[in-house]
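No hydrogens, no waters, no symmetry mates; every other heavy atom, side chains included, goes into these values. None of these values were measured; they are calculated from a predicted model.
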Amino acid sequence: MRYIKNVASLKFFAEKCTNCLICIDVCPHGVFLLKNKKVEVSDKDLCMECGACALNCKYGAIFVNSGVGCASGIIKGMLTGGAPSCDCGGPSSTECC
Amino acid sequence: MIDENINILELCKKPSRFETVKRVSSEWSGMDYLGSIKCRISNSFRMKYKIEPGLYAVGEPNENSDVFASANYKLSFDILRKALKGLNAWILVLDTKGINVWCAAGKGTFGTQELVKQANKVKLNSILSHKRIIVPQLGAVGVNADEVFKKTGFRVYFGPVYAKDIKTYLNAGRKKTSEMRKIKFSMFDRIILTPREIIPAIFKFFIFAFVVLLFFGIQPKGILFKSAWYCGEPFLLLGLTSILAGSFITPVFLPFIPFRPFALKGWLIGMLLTMFLIFLFNFQEQKNILILVIEILFFPMASSYLSLQFTGSTTFTNMSGVKKELKIALPVYLISSVISVILLIIYKLHKLALI
């Protein structure tokens, strides 16, 4: 399944990549693939901005503005002025991922 | 918290350094099955469905057995221990405040820091003779493998997304196929997530129903139930239909509904059902153009709003996309609602022969 085109904030800096393949290992949507022994982005529109690749890339070759792709979380973030979160910890919240 | 939610078989037997580790079954009890269903229905139940963090044993693990990290949301733990049936393994439960691995990883509670903390706390070093921790792949959102290695000496192996693939993964020598890396989102997955959308929507519906009945009930002679029901009934039916459209049909048939934005998908299904209902029942009051306009304006929009909420349950929507949707959808919702209310008031004043 694909979401809206050309919105994902994923950026891949091929020149910093050492082809360690951790990004391929952690991505749940197969965004990265190995082509001619080099990692490349296969389809940016598949990215859900979870941030696993960027967190685990030791070489800073990946940037993602990661966060929850959740409407109520984002609305909550807008209202409270904070970052979008599906914060389920508080006693008042009823929504949770 | 552990006592009520989990059945501990017994403490581990020898050698002595294992003796404090609680051993759990890989079978599910009736209560476990019941709990897995209640989690899908009740938010308050799910939020309390947690177990004590720490080390657990499945089977009769020893110093060479694999360690699997998990969350202290009991359903996550249950799914893992069930998948480990027949194996001897350790489960290291992190304190994720009762949230599942993926969501907790997104918040950072299932993260590098907590993993290091629990590994140190249970003295994983002294229990094991190897240096491997298998972390569910979705935990990679919060766990930085390199940092865990630097801080504990343990090498993080990101295991399969689904616990059911664990045995194949182990048999292949801790190697995943590309299929094992992918998160799926089947129709079944979507169906079991719909109660979470429908139940809060029903609560909102009760408020809506009360306001609608009150509004139509107000007559010069006081509040009349008969007129409340006569004029309010179509609105109530359409309201329930919006919930059906936005919180059930759209999520379940998600990939088959045209358009990528959820707001549009929901609006489309809402519009189709609204039109269907209007023609089917041919309500008397719909002969009034104002009411007809309100219905067409408001109810597909309600369905659209409810569908947009489902982005929180999906496995593929991203923040940038949802923000883009909201930027357009929220003003539209707001304006449509205001127009609907104004039209309603005009209708009412006209009915009361005030204008």
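Options B:Thr315, B:Leu330, B:Val161 differ in how many heavy-atom pairs under 4.5 Å they form with chain A, and the most are formed by B:Thr315. Comparing A:Lys58, A:Met1, A:Lys5, A:His29 by how many heavy-atom pairs each has under 4.5 Å with chain B, the most go to A:Met1. Among the candidates B:Gly98, B:Ala105, B:Ala329, B:Pro261, the residue making the largest number of heavy-atom pairs closer than 4.5 Å to chain A is B:Pro261.
Contact of B:Val143 with chain A is made through the backbone alone, with heavy-atom distances under 4.5 Å. Both the backbone and the side chain of A:Ile24 come within less than 4.5 Å of a heavy atom of chain B. Looking at B:Leu308, both its backbone and its side chain come within 4.5 Å of chain A, counting heavy atoms on both sides.
Considering OG1 of B:Thr112 and CG of A:Asn56, their distance stands at 7.5 Å, rounded to 0.5 Å. Taken from OG in A:Ser72 to CZ in B:Phe310, the straight-line distance is 12.5 Å, to the nearest 0.5 Å. Taking CD1 of A:Ile4 as the reference point, atom CZ of B:Phe262 lies at 8.5 Å (rounded to 0.5 Å). Between the CD1 atom in A:Ile74 and the NZ atom in B:Lys324 there is a gap of 13.5 Å [rounded to 0.5 Å]. To the nearest 0.5 angstrom, A:Met78 atom CE is 5.0 Å from B:Leu326 atom CG.
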Enumerate, atom names and distances included, each donor-acceptor pair closer than 3.5 Å involving a side-chain atom of residues 41-54 of chain A, sequence neighbours excluded.
{"from": "A:Ser42", "atom 1": "OG", "to": "A:Gly30", "atom 2": "O", "distance (Å)": "3.2"}
{"from": "A:Ser42", "atom 1": "OG", "to": "A:Val31", "atom 2": "O", "distance (Å)": "2.9"}
{"from": "A:Asp43", "atom 1": "OD1", "to": "A:Asp45", "atom 2": "N", "distance (Å)": "3.0"}
{"from": "A:Asp43", "atom 1": "OD2", "to": "A:Arg2", "atom 2": "NH1", "distance (Å)": "2.1"}
{"from": "A:Lys44", "atom 1": "NZ", "to": "A:Ala8", "atom 2": "O", "distance (Å)": "3.2"}
{"from": "A:Asp45", "atom 1": "OD1", "to": "A:Asn6", "atom 2": "N", "distance (Å)": "2.9"}
{"from": "A:Glu49", "atom 1": "OE1", "to": "B:Met319", "atom 2": "N", "distance (Å)": "3.0"}
{"from": "A:Glu49", "atom 1": "OE1", "to": "B:Ser320", "atom 2": "N", "distance (Å)": "2.9"}
{"from": "A:Glu49", "atom 1": "OE1", "to": "B:Ser320", "atom 2": "OG", "distance (Å)": "3.1"}
{"from": "A:Glu49", "atom 1": "OE2", "to": "A:Ser9", "atom 2": "N", "distance (Å)": "2.7"}
{"from": "A:Glu49", "atom 1": "OE2", "to": "A:Ser9", "atom 2": "OG", "distance (Å)": "2.9"}
{"from": "A:Glu49", "atom 1": "OE2", "to": "B:Ser320", "atom 2": "OG", "distance (Å)": "2.5"}

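Atom CH2 of B:Trp102 sits in a crowded spot, with more than 12 heavy atoms from other residues, nucleotides or ligands closer than 6.0 Å. Under a cut-off of 6.0 angstrom, the local environment of CZ in A:Phe13 is crowded, with over 12 non-hydrogen atoms contributed by other residues, nucleotides or ligands. Counting heavy-atom neighbours within 6.0 Å of B:Arg155 CZ, excluding the residue itself, gives a total of 12 or less.
Looking at heavy atoms from C-beta onward, A:Val7 lies in side-chain contact with B:Asn318 at the 4.5 angstrom threshold. Within the 4.5 Å cutoff, side-chain heavy atoms of B:Leu138 are placed close to those of A:Pro28. A:Tyr3 has its side chain out of reach of B:Thr314: every pair of non-hydrogen atoms, C-beta onward, lies at least 4.5 Å apart.
Listed by sequence position, B:Lys176, B:Arg181, B:Lys182, B:Ile183, B:Phe185, B:Arg190 are the residues of residues 174-195 of chain B in contact with chain A, using a 4.5 angstrom heavy-atom cutoff.
What you find for B:Gln137 and A:Val26 is that their closest heavy atoms are NE2-O, 2.9 Å.
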